[in-house]
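Written out below as structure tokens is the structure these notes cover.
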Amino acid sequence: MEFDFSYYIFWTLNYFFLFYGLLLIALYFFAIILSSKSVATNKRKARFLQVNDIVSATDIPSITLIAPAYNEGQTIVENVKSLLALQYPFYELIVVNDGSTDNSLSLLIEKYDLEPFDSTFITQPIPTATVNKIYKSRKLQYKQLTVIDKNNGGKSDANNTGINFASTELVLCTDADCIIEQDSLLKMVRPYLEEAEQEVIACGAAIGIINDSIIKNGVVQELKLPKRLIPMIQVVEYIRAFLLGRMAWSEINGVMLVSGAFGLYARNRLIEVNGFNVHTVGEDLELGIRLRKHMEEIKVPYKMVYLPETLCWTEAPNSIDILVKQRDRWARGLWETMALHKNLFFNKKYKDMGIFYYPYWMFFELGAPIVEFIGLLSLIIFGLMGLINWNVAVLLFICVYLLGCIFSTIAIFIYVKNFKHYDSGKEVVELLLAAYLEPFVYHPVLVYGQIQGYYKKIFSLKSSWGNMKRKGFSSNP
Amino acid sequence: MEEIILKIIIKSLLVIMLIIYGSIAFTMNYRRWRKRRLNLIEETFANVTSFYLYPDPNIEPDLIKIQRTFRKIGIVPSKPRNVQYLIDLMIRTQRSILGENYLKLKTLFTQIPPYGASANKLGSKRWYIKARGIREIYEMNQSQYVKELIGLRNHNNIYVRREAQIGLIVFLGWKSLRFLPYLKRQMTLWQQIKIVEKLNDLYPEPDLFYLRKAYQSEKPYANELIMRIIRKFNIIEDVRYIINFLDNPNFDTRESAIYCISSFFLNEADLSEIKKKFYNISNIEQQLQLLKYIHKISNEIDLVFFKDLLYNGTDIIKLSTADILWNNGYKEEVQEYYYHQYAKQNDGEMVSV
């Protein structure tokens, strides 16, 4: 009787995994088609609105770049210098010192000749932690720089402070330690200039990995593939995620997540939804969903878009323990966000977002690590019980592995075809090898980190933000 | 049975992998080859242009020879991508050259291939080819195709109609604004910017007759475009047109109106009109922008207006008003307001102030 029950569970799980896997493969193939179309359309559109045209235009929307900084004394001066050098005619930079305990603020004051100005009657549409002082530079060449010194409230709170103080139509939220391409703002503003029927509420662009590359004066001088395997695999992961995932979503107006490291938003809409949620570590996804909900509720046609070009570079975790911490945090953020917006689940009121996009995130983003974990457990248990036909299992594994390799290879192909980074034969071969090693050396670590994050949420274990220790960018790696 | 099926699937997947590898290798090699080809076209074009613009006094430019040279490097109708590259080079060069050389260059471009390539694109079913054709027509100043552009001004593809409308501005100037009330489809911000820029570059003298004809337009994008034109050309006598839209129910129209009005210094009558409209604006951020503008252009502080905002505005407006009053020597008024608030809050406790 007991054996029969196990047998029943075994086959139920088998069919569940088969159905889940087939659905996922179908979605991935669909994503390839959509993203190829999206990348091609983007390229065609870009021909009609080139950066040279935008840079000389006079009526384009003004942008404020918000860079929250917490204890970034080692790199803050250089990073601000790089952010001040961006090409855009109407552009302000707000650096929010989020209660740093190091010398970040004094370094900024000294280097950029900052002076405090009167902030008696500051207006804050979004409530934030107390603002202590606001600084502006005495030097004309830094006139677009504002530094806000506030009490510590976290990254989201710092972003909200920047949104409050910005006086421009658009705000770009980024991290102070990101390297942004010089013409990125000119490219990011394109969707806002070109859209007529739907309001563009947020725009994101691909983010690249910059470990071991050569950086000079805050600009990527020479892009190199990371030397270590873990960050190299992340290059493939990012290419796949942005080029296949986000671009496909963008094609069907299904983008819910604009990365917190690099996202351009309409400021008025951010204020309407009260900015970033300071109570979650998945603030970027949460904001994306809340913005979409808001637009659905006020019944204004809208769009969240993604650009395929890599316009922002960041340092990826170099070691397994830092990677686990990062993915643990991302998993907690995802869990929190999904829980916060559970009313979207198959909710017709929110149209496609309620019927398709949110359930997709629930089943395949939040659910995937759980399914994988259960799969691993059942493989061990049913294997020990002698229920598994190992010949078929191995062949099935090879099939799934090859499918994964095909998806990564296609992502690399689309990247090589459309962009000029990593264009030497050696680099492409290295990327392909990294992609093929991913399921063995990298993916299990990810699943471990994600399950750890879920475990903390389920059992309400306290956990920190989980900041990664960065090696930092240097001119001579 | 399952094993056989799985083995077939694995073999098929391996074949797919090989095809993708082949595609990657082909793409990489093609890119290198293409780059060399484009460099060759660019080099030849640079040589021909410089030779034509700055000829050797002893040698007469031989157009037949030039045509043959281009044909030799692949500028033939069967290779449209090469032709396209040459056209792009021509446009780029023409944009950067002025004066007598500009006219010489135009003459040269009419006599070398490609011939009629841009006009042929107008017949294409693909939007990006059609739109590119229109752009080339106006960039290369081929005014003989203006009728075709008029026909495309309401095209269902946004890029095609945008380029057609910009083309009409290039060829017809201010006269083309008479089409504005008859446009049926949306206009993007970029389209508005481009139209204003082209008018400013090519027809810097405003023709108010045609501009005022366009005032009949009721579409929000047309209103926004007209406001931008009034701003760009600093047409102070028509500033009332902008003022009318300051409290428009449409957010974007209000946004454009506030942006456009901010470049004008107004008389007292207009200023008091703006102050009236201020109360009808539903968005606080836009109210704030307008408040800053009112303060900027006011010769002296209108105490009645500002005190009214201080006592009756929203919290954010109150703070900003307090800021303005405080920094303009009206500290007592601000203090009085806050004492008043304090007294109101503590009314129940009978605290005297």
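Order of the sequence lines fixes the chain letters, A, B, ..., with proteins taken first and strands second; residue numbering starts at 1 for each chain.
- Chain A forms the most heavy-atom pairs under 4.5 Å with one residue out of B:Val334, B:Asn327, B:Asp252, B:Ile10, and that residue is B:Ile10.
- The shortest distance between side-chain heavy atoms of B:Ile24 and A:Val428 falls below 4.5 Å.
- Note that CZ of B:Arg126 and CZ of A:Arg44 are 7.5 Å apart. Values are rounded to the nearest 0.5 Å.
- Within the 4.5 Å cutoff, no side-chain heavy atoms of A:Glu194 are placed close to those of B:Gln191.
- Considering only heavy atoms from C-beta on, B:Leu189 comes within 4.5 Å of A:Pro61 through its side chain.
- For the pair A:Arg47 and B:Asp88, the minimum side-chain heavy-atom distance is below 4.5 Å.
- Using modelled atom types, one side-chain atom of B:Arg162 and one backbone atom of A:Phe48 make a donor-acceptor pair closer than 3.5 Å.
- If you tally non-hydrogen atom pairs under 4.5 Å between each of A:Ile54, A:Thr41, A:Asn268 and chain B, the highest count goes to A:Asn268.
- By the 4.5 Å heavy-atom criterion applied to side chains, B:Lys232 and A:Thr58 are counted as neighbours.
- In terms of heavy-atom pairs under 4.5 angstrom with chain B, the leader among A:Ile412, A:Ile410, A:Leu432 is A:Ile410.
- To the nearest 0.5 angstrom, A:Leu193 atom CG is 7.5 Å from B:Thr188 atom OG1.
- Between chain A and the options B:Lys7, B:Glu163, B:Gln186, B:Gln286, heavy-atom pairs under 4.5 Å are most frequent for B:Gln186.
- The side-chain heavy atoms of B:Gln289 and A:Ser167, taken from C-beta on, include no pair separated by under 4.5 Å.
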Q: Show your working on side-chain contact (heavy atoms from CB on, under 4.5 Å) between A:Phe413 and B:Thr27 and close with a plain yes or no.
A: CA-CA 8 Å; A:Phe413 169 56; B:Thr27 304; 3.2 Å; yes

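- For chain A, the option among B:Arg32, B:Gln192, B:Glu2, B:Arg228 with the highest count of heavy-atom pairs below 4.5 Å is B:Arg228.
- In this structure, A:Pro125 and B:Ile284 have side chains that are not in contact, with every pair of non-hydrogen atoms separated by 4.5 Å or more.
- For B:Arg31 (side chain) and A:Lys420 (main-chain N/O), no donor-acceptor pair under 3.5 Å exists by modelled atom type.
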